Every structure is written in C-alpha cells, then in structure tokens.
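For reference, the structure is listed below as structure tokens.
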Amino acid sequence: MRYAGIVVAGGSARRLSGVDKPALSVGGKPLLARAIHALDGAERVVVVGPRRPGFDVVWTREPVPGTGPVAALAAGLAFVPGDVEAVVLLAGDLPGVRRSTVDRLLAALGDGDGAVLVDAAGIRQWLLGAWRLTALKAALPEQVENASLRRVLGGLAVTEVPAERGEADDIDTPEDLERHR
C-alpha cells in the first residue's frame, strides 16, 4: 500500500521543562530519528515542527505553532501526495515505534478508515495510527486550532491494533525518559 507519513514534532514539552523532545536520545538515537526510520517505506515523510538538521524530510509548521495535533495534521496533509492511499500519523516522542509497528497498522486498515495502536490499558493512541487519506481529509474540521484529535478521528471506522510491549510508550516526563534510557 502506498502511504505517506506525518510526524507531529512541535509540542511544548511542558512536563519536561520545554526541552526539544524529538531531539532527546534514547538508545543512542534521537526520538525523531526513530519515528522517521519507522516510516522507511513511505512515499514522503512530513515533519510538523521546528526544522532540525540531518533529516531528509519535508518540514512544515502549523500556521499558529502550538495549536495542537489537529492543526499539525492539517499542516502536514498539505504536503502529502494526493495519490497515496494512506497516511501514517506518529508523534515525535515514541521510543518504541518501529517499521513493524507501521506495517501492522497499515495491514489492519482493511476496509476501515483507520487503525490505531491501543496500549496495555486499552487506550487508543491517536498519534500512532494509519488512516485512509480520504477519511482524514473529510474528518478535518474547518477550525483545526486547538481541536481534539480524539474527537476529530474518533467518529471514523477505527480498527484497534494491540501494542507490543513498549511500542505505545511516549516520553512526557523525566521519569519516562529515565525508564527508556
């Protein structure tokens, strides 16, 4: 299946004192590099966030930075080729995301609108999913700033994909970072 990737990498990291989370290294590799590597089979990878050196991707920002993942998704979609079937949406702070994660999400799409990873607690991880391009575009509200990703995508036909150990983890706190280092 032909797909593009969008990595949301522009959050404020308030619980980590504003550090550039995607630049944090886990296992000797920046978190952003892990997300980009997981999207290795994508036609195009778009990173929504501040430009960081060393990555061969398309860079963009939301019209108003810091207005949330729906605004970031909309900004990224502007650079997705119109002839791909799907878009894989990833956060930029996922230490356990792999190419096999992306492959499983794409395989789970079936006839549905999207597939999201579900963590061990049964919670859908909205920034770890694969979506049909047409469904994503149709779901976007007119007002994307500060919109809830769960509300925007939650009404679509979603397949839940159980996460493998550590796969749905993200880095939000100093304790999260320590646990993964």
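Quantities reported herein were computed from a predicted structural model and do not represent experimental measurements.
- The cluster map of Ile, Leu, Val, Met, Phe, Trp and Tyr, joined by side-chain heavy atoms under 4.5 Å apart, puts Leu127 and Val45 in different clusters.
- Of the possible donor and acceptor atoms, none in the side chain of Arg61 sits under 3.5 Å from a partner among the backbone N and O of Ala75.
- Between Ala72 and Val8, the closest heavy-atom pair is CB-CG1, 4.0 Å.
- Of the inter-residue distances, the one linking Asp169 atom CG with Leu94 atom CG reads 9.0 Å to the nearest 0.5 angstrom.
- Thr67 and Glu62 form no side-chain donor-acceptor contact under 3.5 Å, judged by distance and modelled atom types alone.
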Could you go through Phe55 and Val47, starting from their C-alpha distance and side-chain angles, then the distance that decides it, and tell me whether this counts as side chain to side chain contact (heavy atoms under 4.5 Å, CB included)? CA-CA 10 Å; Phe55 298 102; Val47 178; over 6 Å; no

Please assess Glu85 against Glu43 for the test side chain to side chain contact (heavy atoms under 4.5 Å, CB included), listing each intermediate value before the final yes or no. CA-CA 11 Å; Glu85 293 174 70; Glu43 300 283 322; over 6 Å; no

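- When all heavy atoms of Arg44 and Phe79 are compared, the closest pair comes out as NH1-O, 2.6 Å.
- Smallest separation of non-hydrogen atoms from Pro65 and Pro63: CD-O, 3.6 Å.
- Taking each heavy atom of Gly92 and Val7 in turn, the nearest pair found is CA-CG1, 3.8 Å.
- With values rounded to the nearest 0.5 angstrom, Glu164 atom CD is found 5.0 Å from Arg98 atom CZ.
- Across all their heavy atoms, Asn146 and Gly66 have their closest contact at OD1-O, 4.3 Å.
- Atom CZ of Arg151 has 12 or fewer heavy atoms from other residues, nucleotides or ligands within 6.0 Å.
- Under a hydrophobic clustering in which Ile, Leu, Val, Met, Phe, Trp and Tyr are joined whenever their side-chain heavy atoms come within less than 4.5 Å, directly or via other members, Val158 and Met1 fall into different clusters.
- A donor-acceptor pair under 3.5 Å is absent between the side-chain atoms of Arg150 and the main chain of Trp126, judged by distance alone.
- Hydrophobic clustering (ILVMFWY, side-chain heavy atoms < 4.5 Å, transitive): Val84 and Val88 are in distinct clusters.
- Hydrophobic cluster membership is shared by Leu133 and Leu149, with clusters built from Ile, Leu, Val, Met, Phe, Trp and Tyr side chains linked at under 4.5 angstrom.
- Of the inter-residue distances, the one linking Asp93 atom CG with Leu31 atom CG reads 6.5 Å to the nearest 0.5 angstrom.
- Two different hydrophobic clusters hold Val161 and Leu89 under the rule that ILVMFWY side chains link at heavy-atom gaps under 4.5 Å.
- Put simply, CH2 on Trp131 and CG on Leu153 are 4.5 Å apart, with the number rounded to the nearest 0.5 Å.
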Just list the side-chain donor-acceptor pairs under 3.5 Å for residues 109-124, sequence neighbours left out, or say none.
from	atom 1	to	atom 2	distance (Å)
Asp113	OD2	Ala157	N	2.9
Asp119	OD1	Ala121	N	2.9
Asp119	OD1	Gly122	N	3.1
Asp119	OD1	Ile123	N	2.9
Asp119	OD2	Gln125	NE2	3.1
Arg124	NE	Glu160	OE2	2.7
Arg124	NH2	Glu160	OE2	3.3

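- A distance of 14.0 Å separates CZ in Arg34 from CG in Leu39, rounded to the nearest 0.5 Å.
- Scanning both residues, Pro141 and Ala147, for their nearest heavy atoms gives CG-CB, 4.4 Å.
- In this structure, the side chains of Leu90 and Leu128 come closer than 4.5 Å at one or more pairs of heavy atoms.
- The structure places CD of Glu167 at 3.5 Å from OG1 of Thr101, a figure rounded to the nearest 0.5 Å.
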